[in-house]
Amino acid sequence: MSRPDNDTFLRALLRQPVDYTPVWLMRQAGRYLPEYCETRRRAGSFLSLCKTPSLACEVTMQPLARYNLDAAILFSDILTVPDAMGLGLYFAEGEGPKFERPLRQEWEIRELAAPDPAVHLRYVMDAVVEIRRALANSVPLIGFSGSPFTLACYMVEGGGSDDFRTVKTMLYDRPDLLHRILDVTTTAVTDYLNAQIESGAQAVMIFDTWGGALSHAAYREFSLAYMERVVGSLHRVRDGERVPSIVFTKGGGQWLEAIADIGVDAIGLDWTTDLGEARRRVGDRVALQGNMDPMALFASGDALASEARRIIDGYGAGTGHVFNLGHGISQFTPPDNVSTLVQTVHQHSRRL
Ligand code: CP3
């Protein structure tokens, strides 16, 4: 297997010369696409969609059939890892993800073990292989995982949370227990990402969705330190090609220098950080991915295009920028606006 025909995304992540700014969107396969809703209906549920490799492959390819995107992302969810650890993931209609057995008791935490991805997450590896075959070297495939801390939030809270009261109580009262969860989860995430790389993922992204909810000191101790361990243990080269890594801490704009120090190739930014200033702060140490407000996709064509151009101009000339949203695309997004966005990014950046 060689480099994809369109390797612009990989080149931008490695800060090699590019002809234009590559673009993909977080959650690009999802409910805003009618064809996704149709496949999901056939699967019966979101989880069976994730756990059936042929259907996961089908929905991964859907946004690529519509738009001229520069990368595909594995269709799955970050919570498959705690599910494989035995916590029992389910989705209550309209309530988001939940666990049947959240981690609360000390003995449960002591017994927690990292799953073998080749066994317990086999369906993900099968999906990666199938997607690579379907892509036929057109664009690169991104693999991903949640960060250890973000996964721990769901594992301890038992689902989403507004204030993270349970996991933060543990952080302040029994940091030893939270460190134990993070230690095991770090091994799980590392093994999981390396298994995806060995199965064919050509770049990997770590979603630290809740790292930004931590205090300045706690972010380093409970989130960044564990991502540093993951990044330091990733397989950097597969089939003679570099496999770049991206870390996305939502709300992490004030910690860019510290994130750049952990050895990642790129940092994902949400829309609250100025891209040009971020570039000046990290220099040529890492590439940057982001960071349009997902709500800009609801604006009329001209307003949307001018916001996309503002972001591209804000980064400025030269390589090292991957255009993306600052968080996942909304399920209410008009699909035609995504065409406008992708075309604008390509056309405008070629002119720079
Ligand atoms: O980016 C992609 O296209 C790849 C697929 C992907 C999904 N989830 C599909 C999904 C990725 C990378 C994720 C990551 C994920 N999942 C995160 C981190 C990124 C982020 O968004 O902050 C988190 C926190 C989760 C956990 C999760 N999964 C939540 C909170 C929800 C419910 C949210 C909602 O919109 O209802 C999910 C479900 C989910 N994951 C959906 C999709 C397409 C919607 C499921 C459906 O079809 O009903």
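The figures that follow rest on heavy atoms only: side chains count, while hydrogens, waters and symmetry mates do not. Whatever order the structure lists them in is the order used to number ligands and atoms, beginning at 1.
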Closest to [atom] (judged by heavy-atom distance), picking from [options]:
atom	options	result
atom 10 (C) of ligand 1	Phe46, Phe144, Tyr154, Tyr32	Phe46
atom 28 (N) of ligand 1	Asp77, Leu25, Leu325, Leu79	Asp77
atom 7 (C) of ligand 1	Ser76, Ser45, Ala56	Ser76
atom 23 (C) of ligand 1	Thr39, Leu151, Ile78	Ile78
atom 30 (C) of ligand 1	Ala72, Cys37, Pro97	Pro97

Asp265: which of Arg11, Arg242, Arg15, Arg285 passes salt bridge (charged side-chain N to carboxylate O under 4.0 Å, His left out):
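Looking at Arg11, Arg242, Arg15, Arg285, the match for Asp265 under the salt bridge (charged side-chain N to carboxylate O under 4.0 Å, His left out) is Arg242.
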
Heavy atom under 4.0 Å from ligand 1: found in [X]'s side chain, backbone, both, or neither?
X	result
Leu74	backbone
Met26	backbone
His327	side chain

With no hydrogens and no angle check, just 3.5 Å: does a side-chain donor-acceptor pair link Thr249 and Tyr219?
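There is such a pair (donor and acceptor under 3.5 Å, judged by atom type) between the side chains of Thr249 and Tyr219.
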
Between Thr187 and Thr190, is there a side-chain donor-acceptor contact under 3.5 Å, judged purely by atom types and distance?
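Checked: Thr190/Thr187 side chains show no N/O donor-acceptor pair below 3.5 Å.
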
Atoms in ligand 1 flagged as close to [X], the criterion being non-hydrogen separation under 4.0 Å:
X	result
Tyr36	43 (C), 45 (C), 46 (C), 47 (O)
Arg31	34 (C), 35 (O), 36 (O), 44 (C), 46 (C), 47 (O), 48 (O)
Arg40	46 (C), 47 (O), 48 (O)

Give a yes or no on this: more than 12 heavy atoms of other residues, nucleotides or ligands lie within 6.0 Å of atom CZ of Arg122.
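12 or below, so no.
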
What do the steps show when you test Ser223 against Asp208 for side-chain hydrogen bond (donor to acceptor under 3.5 Å, both in side chains), and what is the final call?
CA-CA 8 Å; Ser223 187; Asp208 186 29; 2.9 Å; yes

When the ring planes of [X] and [Y] are compared, do they come out parallel, tilted or perpendicular, using 30° and 60° as the limits?
X	Y	answer
His321	Tyr315	parallel
Phe91	Phe46	perpendicular
His216	Trp255	tilted

Step-by-step side-chain hydrogen bond (donor to acceptor under 3.5 Å, both in side chains) determination, Asp293 to His327:
CA-CA 7 Å; Asp293 182 346; His327 199 202; over 6 Å; no

For [atom], grab the closest protein heavy atom and report residue, atom and distance to one decimal in Å.
atom	value
atom 13 (C) of ligand 1	Arg27 NE, 3.8 Å
atom 18 (C) of ligand 1	Thr209 OG1, 3.2 Å
atom 38 (C) of ligand 1	Phe91 CE2, 3.5 Å

If I apply the N/O under 3.5 Å rule, does Trp210 come out as touching ligand 1?
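In this structure, Trp210 places no N or O atom under 3.5 Å from an N or O of ligand 1.
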
Could you check if a side-chain atom of Leu288 sits within less than 4.5 angstrom of a side-chain atom of Val322, using non-hydrogen atoms only?
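Of all side-chain heavy-atom pairs linking Val322 with Leu288, none is under 4.5 Å.
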
